[in-house]
Amino acid sequence: MAYDGPGELDLFVQSYATKDLSPNIIRRAQGAVADPHFGPIMADNLATANHLLREGTPGLNLDVLPAAVGNLATLLISTSVYYVNSSRAPASDSETWQKHLKNVGDGKIELLPKENWMLTDDALDQVERADRLFRNARRGVQALLAAINYERFTDETMADAKRILATSPEGAAESQGLEAMPHLTVSNWAIAQINRHIYNRMSEQPRGELHIIEPGPGTGATSAAVTKTLAMAEGHLGRNRLSMLGIEATPSFSENLRKNFFPLVNGYLHLLGLDIPEMKVATEEGQQVEPGTFRIVQGDLVDEILKLDFSELGPEDVVVFNANYVMHRIPSNHKKWIWDKLATAPNCIILMGDLDKNASDFNLGYYNESTNGPLNTGNNGQTRSLEEAGFNVARLGSYRSIDRYVHPALVNRARLLVVKDGTTRIAFRGQKAHQHLLVDNIAS
């Protein structure tokens, strides 16, 4: 789908009174639209921004949309400077680049020729530039950019709930195709199987609530894998000891969850004793973990996590944070806020599949030359950041005591994916979190 770039920028400017849109932001957006390589991508994102202005963004602050557009323009221009100057970029009018732009617009993953891939060092610089910018950006900017970035997703680019439920852990481990990003599918199933182990261990004890939180459920793939796996678990906690809460910023994802995900998991939720899924818009007070419920909240991921209050949880209660390919969009200082908040729970286990350096094949040959790469802040220093918040940190494939809870084929594939910048981390703190992960048989 092609857009008239200057026309979209004019529409955006007209949506604001002059005093609300600084000349600097307009100048940066004009520069990005005029860029011979990334202009069409900037125009595409402006069109989505205009759509969000017309339709609204439940739970998000549109007042910071001008700042978000300015930041996006800055990152696309810097990517153009570094990528084009590296002599890796094909000519902007070449058939190769025009095909790439069409693939990006259509949501189709097709890697550029290897000679046009971004260099790993440039990918690392791209991550660091994004992290520096977003550390100092206005609150809410990151959530809006995620909404703009993912508003036009397709089933080709993500492992949606229907697709994940049609696979198996063994099938995910063997997948070699570009569709649905096989590294993401591997971590989906690995996270689900570790959830099942925790669920089973807790069911062996008479007390203790399990609260599962998922930031950025997106297409519902991780939640689908987790709910199906828990529903088939040997143990049973019952509704009074289990809750599931998702936080989603992108309107199109929220609508997709409502229409295409909720019906798929109703049967599994019934087996788990949970209410039918519920979609809520973020409020000033925030949504709290509540046994017996399954909720998706539309709002800013960082804000909603920081609103959570774990002070009523007891020493037997456990919070599991399933963050699959979402934290690379959060700047390092915001991640620290999240880890510190989760550390206030009596027991917390973080299960996180993600990129570290923005240097997977998919990034070097596709995403880094679109919108996704320039907005990624990466996860450099993630282990140190988690340890500073009091968490023990392990990596799937290198920690035998945890690997045994995951299908061996998934563990083996996870080891191979590390060199492709796909890492599944396990972080945990609290006595019960240690016991549930590291001890096979828990006395009741």
Side-chain angles (χ1 to χ4, degrees), residues 25 28-29 32 41-42 45-46 48-49 51-53 56-79 126-153 158 213-218 246-254 281-282 286 296-308 321 323-342 352 354-356 358 363 367-368 370-382 385:
I25 288 176
R28 281 185 283 166
I41 292 174
M42 183 66 194
N45 280 271
L46 280 167
T48 306
H51 170 76
L52 293 182
L53 279 170
T57 54
L60 298 181
N61 180 13
L62 279 172
D63 291 343
V64 300
L65 186 56
V69 167
N71 288 337
L72 173 62
T74 298
L75 290 171
L76 285 177
I77 290 170
S78 64
T79 292
Q126 190 178 52
V127 160
E128 291 169 1
R129 288 195 300 273
D131 192 48
R132 283 196 303 270
L133 183 65
F134 290 130
R135 282 201 306 263
N136 300 307
R138 292 180 62 183
R139 287 283 291 276
V141 159
Q142 198 75 352
L144 274 176
L145 286 175
I148 291 171
N149 192 183
Y150 291 120
E151 187 67 12
R152 295 173 60 245
F153 83 99
M158 293 203 172
I213 300 172
E214 185 182 351
I247 303 165
E248 181 53 58
T250 303
S252 63
F253 279 155
S254 297
V281 176
I296 303 288
V297 177
Q298 295 177 266
D300 185 307
L301 185 157
V302 177
D303 283 350
E304 293 311 299
I305 293 172
L306 297 183
K307 290 176 189 173
L308 290 170
F321 190 75
N324 200 28
Y325 282 82
V326 63
M327 300 309 291
H328 63 270
R329 299 299 295 269
I330 309 298
S332 53
N333 58 337
H334 292 196
K335 279 197 276 269
K336 183 180 185 306
W337 300 342
I338 291 172
W339 307 149
D340 288 344
K341 167 57 71 171
L342 293 174
M352 180 171 54
D354 219 325
L355 307 167
D356 283 341
N358 213 26
N363 283 82
Y367 289 117
N368 289 0
S370 60
T371 310
N372 233 324
L375 295 180
N376 288 349
T377 61
N379 287 302
N380 280 325
Q382 188 81 285
S385 174

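Keep in mind it's a predicted model, so treat the numbers as computed, not measured.
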- [ ] Work out which heavy atom in Pro215 is nearest to a heavy atom in Ile305; give both atom names and the distance.
- [x] CB-CD1, 4.4 Å
Open item on the list: Could you measure the distance from the OG atom of Ser385 to the CE atom of Met327? Nearest 0.5 Å is fine.
Closed with: 9.0 Å
Task: Flag, side chain of Asp303 to backbone of Gly140, donor-acceptor distance under 3.5 Å - done: no
Task: Step-by-step side chain to side chain contact (heavy atoms under 4.5 Å, CB included) determination, Thr79 to Gln126 - done: CA-CA 7 Å; Thr79 292; Gln126 190 178 52; 3.1 Å; yes
Task: For Glu304, salt bridge (charged side-chain N to carboxylate O under 4.0 Å, His left out) partners two or more places apart - done: Lys307
- [ ] Output all residues satisfying ring-ring contact (aromatic ring centres under 6.0 Å, His included) with Tyr325, sequence neighbours left out; order by chain, then residue number.
- [x] His183
TODO: Go through the steps to decide whether Gln298 and Phe253 satisfy the test side chain to side chain contact (heavy atoms under 4.5 Å, CB included), and finish with yes or no.
DONE: CA-CA 10 Å; Gln298 295 177 266; Phe253 279 155; over 6 Å; no
- [ ] Could you grab the distance from atom CG of Leu375 to atom CG of Asn45, nearest 0.5 Å is fine?
- [x] 7.5 Å
Task: Separation between CG of Asn136 and CG of Asn333, rounded to the nearest 0.5 Å - done: 7.5 Å
Task: Stepwise side chain to side chain contact (heavy atoms under 4.5 Å, CB included) test for Arg28 and Asn71 - done: CA-CA 9 Å; Arg28 281 185 283 166; Asn71 288 337; 4.1 Å; yes
- [ ] Find out whether Ile330 and Phe134 are in side-chain contact, i.e. whether some heavy atom of one side chain is under 4.5 Å from a heavy atom of the other.
- [x] no
Open item on the list: So, taking the atom named CD in Gln382 and the one named CG in Leu355, what distance separates them when rounded to the nearest 0.5 Å?
Closed with: 11.0 Å
Task: Test salt bridge (charged side-chain N to carboxylate O under 4.0 Å, His left out) applied to Arg135 - qualifying residues, sequence neighbours left out - done: Asp131
TODO: Of all the heavy-atom pairs spanning Leu144 and Ala68, show the shortest one and how long it is.
DONE: CB-CB, 4.4 Å
Open item on the list: Please report the interatomic distance OG1(Thr371) to CG(Leu145), rounded to the nearest 0.5 Å.
Closed with: 9.5 Å
Task: Residue pair Gly218 / Glu248: nearest heavy atoms and the distance that separates them - done: N-OE1, 2.7 Å
Task: Steps toward side chain to side chain contact (heavy atoms under 4.5 Å, CB included) verdict (Ile148, Leu65) - done: CA-CA 10 Å; Ile148 291 171; Leu65 186 56; 3.7 Å; yes
Open item on the list: Using the salt bridge (charged side-chain N to carboxylate O under 4.0 Å, His left out) criterion, which residues pair with Arg132? Sequence neighbours excluded.
Closed with: none
TODO: Report the residues that fulfil salt bridge (charged side-chain N to carboxylate O under 4.0 Å, His left out) with Lys341, sequence neighbours left out, ordered by chain and then residue number.
DONE: none
Open item on the list: Strictly distance-based, threshold 3.5 Å: is any side-chain N or O of Asp300 a donor or acceptor partner for the main-chain N or O of Val302?
Closed with: yes
Task: Close side-chain approach of Asn358 and His328, heavy atoms under 4.5 Å - done: no
Open item on the list: For the CG atom of Asn363 and the OG atom of Ser370, what is their distance to the nearest 0.5 Å?
Closed with: 8.5 Å
- [ ] State, to 0.1 Å, how close Val69 and Ala29 come at their nearest heavy-atom pair, and which atoms those are.
- [x] CG1-CB, 4.4 Å
- [ ] For residues Ala130 and Pro374, report the shortest heavy-atom separation together with the two atoms involved.
- [x] CB-O, 3.4 Å
Open item on the list: Taking ring-ring contact (aromatic ring centres under 6.0 Å, His included) as the definition, give me every residue that meets it alongside His334, ordered by chain and number, with sequence neighbours left out.
Closed with: Trp337
Open item on the list: Do Lys335 and Thr377 make a side-chain contact, defined as non-hydrogen atoms from C-beta onward lying under 4.5 Å apart?
Closed with: yes
Task: For the student: nearest non-hydrogen atoms of Leu60 and Ala147, plus distance - done: CD1-CB, 4.1 Å
TODO: Verify, without hydrogens or angle tests, whether Asn376 (side chain) and Val127 (backbone) share a donor-acceptor contact under 3.5 angstrom.
DONE: no
Open item on the list: For Asn149 and Arg329, which I'm curious about, is there any donor-acceptor pair between the side chains at under 3.5 Å?
Closed with: yes
